[in-house]
Amino acid sequence: MAAEPHNVVQLASSGSVDVLQDLLTLTLGTSKEGSDPAAVQSQLRLALETALTEAKKAAQSGAMEVRTGAFGLQPRYGRDGKINGWTGTAELVLEGKDFGRIGTTAGKIQTLTINNAAFSLSRDLRNKTETEAQALAIDRFKAKAAEIAHSFGFGAYTLRDVAVNANDQGYNPRPRMVAMEMKAMAADAPVPMEAGKSAVVVNVSGSVQLK
């Protein structure tokens, strides 16, 4: 029977790096309703195609990517439980790092309105920031292990096991736009956008053998 390990200490540390969010996902959409599903679908398609044509003029890889979002029809029921009409929605998504380009394009699109704006970290920035936070977390883990070993009268330690995990925590950023502000803007005015920050956090936990 193996002897129980002695002089083993469990500990944890973390590293956090604040970074400005560099990716904007702007969703524009419209809804239509009517008694004829084909007519509703046709209206949606026209609104989407018009918006798509305008958006593609400014599309640029990395700066602003353009893609379609949700598109569909649903029956509308009356009190008698029977279908008395149809409602449909169509969406267009603008995504990229050039907030000015995205805001200007959104302002030029007249057939759709803004449904949602979300800021986040691009993959490249997330990976870079995560590497920085991980280095901080590991350095703090090692320093804490050395300090604990010294405090207990040991000269050194060896690593037994370790786990590393990462996540990012947004600061609830929101686009600089409100309903009254949007109504007061000219039809083709750029939509003002301002990103917030994310804290990329890496946690390191494990155990060390004091020697």
Side-chain angles (χ1 to χ4, degrees), residues 18-77 83-129 168-200:
D18 290 349
V19 62
L20 191 66
Q21 294 163 325
D22 68 332
L23 186 68
L24 169 62
T25 303
L26 191 67
T27 304
L28 302 95
T30 187
S31 60
K32 304 290 183 182
E33 60 179 40
S35 58
D36 181 3
V40 174
Q41 182 170 294
S42 179
Q43 292 173 18
L44 291 172
R45 182 179 292 112
L46 178 59
L48 185 59
E49 288 177 350
T50 302
L52 193 57
T53 298
E54 183 65 46
K56 283 184 175 180
K57 295 177 183 178
Q60 183 177 337
S61 179
M64 188 186 82
E65 308 280 355
V66 179
R67 67 177 186 271
T68 55
F71 187 101
L73 289 174
Q74 290 184 331
R76 185 182 62 202
Y77 295 94
I83 296 176
N84 65 3
W86 295 81
T87 61
T89 58
E91 290 183 342
L92 181 68
V93 181
L94 310 179
E95 184 175 81
K97 297 181 179 181
D98 191 337
F99 298 172
R101 181 185 296 266
I102 294 173
T104 298
T105 303
K108 292 180 179 179
I109 294 175
Q110 302 300 305
T111 56
L112 306 178
T113 56
I114 294 175
N115 286 347
N116 183 62
F119 294 96
S120 59
L121 301 181
S122 64
R123 181 178 301 176
D124 290 344
L125 182 57
R126 183 189 302 275
N127 290 341
K128 176 178 178 295
T129 309
D168 64 275
Q169 302 168 355
Y171 292 158
N172 298 318
R174 62 187 183 90
R176 287 174 47 223
M177 57 182 182
V178 293
M180 293 300 293
E181 182 180 343
M182 290 293 290
K183 290 179 181 178
M185 290 168 57
D188 60 349
V191 178
M193 298 288 173
E194 183 177 1
K197 288 184 177 181
S198 280
V200 177

Engineer: Grab the two heavy atoms, one from L44 and one from G72, that are nearest each other, plus how far apart they are.
Structural biologist: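 It is CD1-O, 4.2 Å.
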Engineer: Could you give the distance from CD (E54) to CG (L112), rounded to the nearest 0.5 Å?
Structural biologist: 11.0 Å
Engineer: Applying side-chain contact (heavy atoms from CB on, under 4.5 Å), run through E91 and N115 and close with a yes or a no.
Structural biologist: CA-CA 9 Å; E91 290 183 342; N115 286 347; 3.8 Å; yes
Engineer: How far apart are the closest heavy atoms of N116 and A118, and which atoms are they?
Structural biologist: ND2-CB, 4.0 Å
Engineer: With side-chain contact (heavy atoms from CB on, under 4.5 Å) as the test, would you mind laying out the steps for T87 and L73 before giving the verdict?
Structural biologist: CA-CA 6 Å; T87 61; L73 289 174; over 6 Å; no
Engineer: Taking T53 for the side chain and E49 for the main chain, is one N or O donor matched with an acceptor at less than 3.5 Å?
Structural biologist: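 Looks like yes, one N/O pair under 3.5 Å.
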Engineer: Between atom NZ of K97 and atom CG of D124, what is the distance when rounded to the nearest 0.5 Å?
Structural biologist: 5.5 Å
Engineer: Out of the candidates S120, S122, S198, only one should pair with D22 under the side chain to side chain donor-acceptor pair (under 3.5 Å) rule; please name it.
Structural biologist: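 Per the side chain to side chain donor-acceptor pair (under 3.5 Å) rule, the option paired with D22 is S122, out of S120, S122, S198.
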Engineer: Run the side-chain contact (heavy atoms from CB on, under 4.5 Å) test on T30 and T111 for me, step by step, so that the C-alpha distance in whole Å, both residues' side-chain angles and the decisive distance to 0.1 Å come before the verdict.
Structural biologist: CA-CA 7 Å; T30 187; T111 56; over 6 Å; no
Engineer: I want to check something: taking the side chain as every heavy atom from C-beta on, are V40 and E33 in contact at a cut-off of under 4.5 Å?
Structural biologist: no
Engineer: As an exercise, state the distance from CG of L52 to CG of L92, rounded to the nearest 0.5 Å.
Structural biologist: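 If we round to the nearest 0.5 Å, L52:CG and L92:CG are 6.0 Å apart.
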Engineer: Looking at CG of D98 and CD of Q60, how far apart are the two atoms once the value is rounded to the nearest 0.5 Å?
Structural biologist: 7.5 Å
Engineer: Exactly one of V200, L20, L23 should register a side-chain contact (heavy atoms from CB on, under 4.5 Å) with L121. Which one does?
Structural biologist: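 By the side-chain contact (heavy atoms from CB on, under 4.5 Å) criterion, L121 pairs with just one of V200, L20, L23: V200.
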Engineer: Can you name the nearest heavy-atom pair linking Q21 to F119, along with the distance?
Structural biologist: OE1-CB, 3.4 Å
Engineer: Is there side-chain contact between V66 and L94, with heavy atoms separated by less than 4.5 Å?
Structural biologist: yes
Engineer: Mind listing the closest non-hydrogen atom pair of I109 and A51 along with its distance?
Structural biologist: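 Shortest heavy-atom separation between I109 and A51 comes out as CG2-CB, 3.6 Å.
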Engineer: Between S35 and W86, what is the shortest heavy-atom contact and its length?
Structural biologist: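 Shortest heavy-atom contact: O-CD1, 3.6 Å.
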Engineer: Show your working on side-chain contact (heavy atoms from CB on, under 4.5 Å) between N127 and R123 and close with a plain yes or no.
Structural biologist: CA-CA 6 Å; N127 290 341; R123 181 178 301 176; 3.7 Å; yes
Engineer: Grab the two heavy atoms, one from A199 and one from D18, that are nearest each other, plus how far apart they are.
Structural biologist: CB-OD1, 3.4 Å
